Amino acid sequence: MRISWAKQDDAAALIPLLTALHLHDVGGASSPEPDAVLSHARILIDPTTPHRLAVAWNQQGMAIGLAAVGRFVSISDLRPKNSLQLELKELFVLPQVRGQKVGATLFDWIVNQAGEQGVCRIDWHVKRQNHRGIEFYERLGGRIVDDRLSMRKWVNA
């Protein structure tokens with residue numbers, strides 16, 4: 001397995017993975033058109049977006065997992081060692097390769113990259129009912145933050 005930051009040339013190779021993520025995450029969704037997924041992949045990989053995609057590739061060059069991360073500077077903590085933070089927006093592994101350490105390897109790679117960039121912490125959200133996801137992140141050293149809530153407001157919904 002190889003992990004790398006996604007490049008523009010990777011857009012077409014991400015179609016099956018992004019399609020699987022869409023079907024997994026959007027209840028009752030139908031399979032999207034490949035051209036729509038390709039267009040979306042190009043937007044996700046665009047260097048002007050506020051995040052980056054890390055992709056896990058199998059030995060045949062197939063994208064089997066991804067993580068979307070964004071780097072942020074704390075607004076309130078001025079201490080240099082505490083100001084650079086990372087948000088893990090998404091971590092997804094194809095169902096057929098789950099249980100093969102793809103997610104853990106991808107997560108460890110992200111942690112390593114973050115450490116090299118001087119990031120002091122990584123935050124992410126997990127749905128309360130996603131018990132497997134919570135157990136997965138706890139095995140990797142993640143801890144539930146009791147004094148924070150996730151909130152959302154839809155715009156133009």
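Here the structure is a predicted model, which means the values were calculated and not measured.
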### Stepwise side-chain contact (heavy atoms from CB on, under 4.5 Å) check, L91 with Y137
CA-CA 11 Å; L91 192 145; Y137 288 119; 3.5 Å; yes

### Query
Is there a side chain to side chain donor-acceptor pair (under 3.5 Å) between Q117 and R71 once you walk through the steps?
CA-CA 10 Å; Q117 296 174 22; R71 252 179 42 161; 3.2 Å; yes

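Listed by chain and residue number, nothing satisfies the salt bridge (charged side-chain N to carboxylate O under 4.0 Å, His left out) test with R132 (two or more places apart in sequence, or in another chain). Not counting sequence neighbours, the partners of I144 by the side-chain contact (heavy atoms from CB on, under 4.5 Å) test are I134, E138, D146. Checked against salt bridge (charged side-chain N to carboxylate O under 4.0 Å, His left out), K7 has the following partners two or more places apart in sequence or in another chain: D10.
Residues A68 and L53 come closest through the heavy atom pair CB-CD2, 3.6 Å. Minimum interatomic distance between G103 and F136 (heavy atoms only, all atoms of both residues): C-CZ, 3.5 Å. Heavy-atom minimum distance, A67 versus L88: CB-CD1, 3.9 Å. Pairing each heavy atom of L14 with each of A41, the nearest pair is CB-CB, 4.5 Å. In terms of heavy atoms, A20 sits closest to L94 at CB-CD2, 3.6 Å. The heavy-atom pair separating D77 from S83 by the smallest distance is O-CB, 3.4 Å.
Within a 6.0 Å radius of CD in E116, other residues, nucleotides and ligands contribute more than 12 heavy atoms. The environment of Q59 atom CD is sparse: at most 12 non-hydrogen atoms of other residues, nucleotides or ligands sit within 6.0 angstrom. Within a 6.0 Å radius of NE2 in H40, no more than 12 heavy atoms belonging to other residues, nucleotides or ligands are found.
Between N58 and the options V102, V97, I64, a side chain to side chain contact (heavy atoms under 4.5 Å, CB included) holds for only I64. Considering K81, Q85, R79 in turn, Q85 is the only one that fulfils the side chain to side chain contact (heavy atoms under 4.5 Å, CB included) rule with C120.
For R98 (side chain) and V93 (main-chain N/O), a donor-acceptor pair under 3.5 Å exists by modelled atom type. Remark: side-chain polar atoms of S39 are not paired, donor with acceptor, to backbone N or O of D35 under 3.5 angstrom.
By the 4.5 Å heavy-atom criterion applied to side chains, V69 and I110 are counted as neighbours. Two residues are said to be in side-chain contact when any heavy atoms from C-beta on lie closer than 4.5 Å; Q113 and V111 fail this criterion. Looking at T49 and L44, their side chains never come closer than 4.5 Å, going by heavy atoms from C-beta outward. Side-chain atoms of I45 and W5, non-hydrogen and from C-beta on, never get closer than 4.5 Å to each other.
Ring planes of W124 and F107: perpendicular class, angle over 60° (limits at 30 and 60°).
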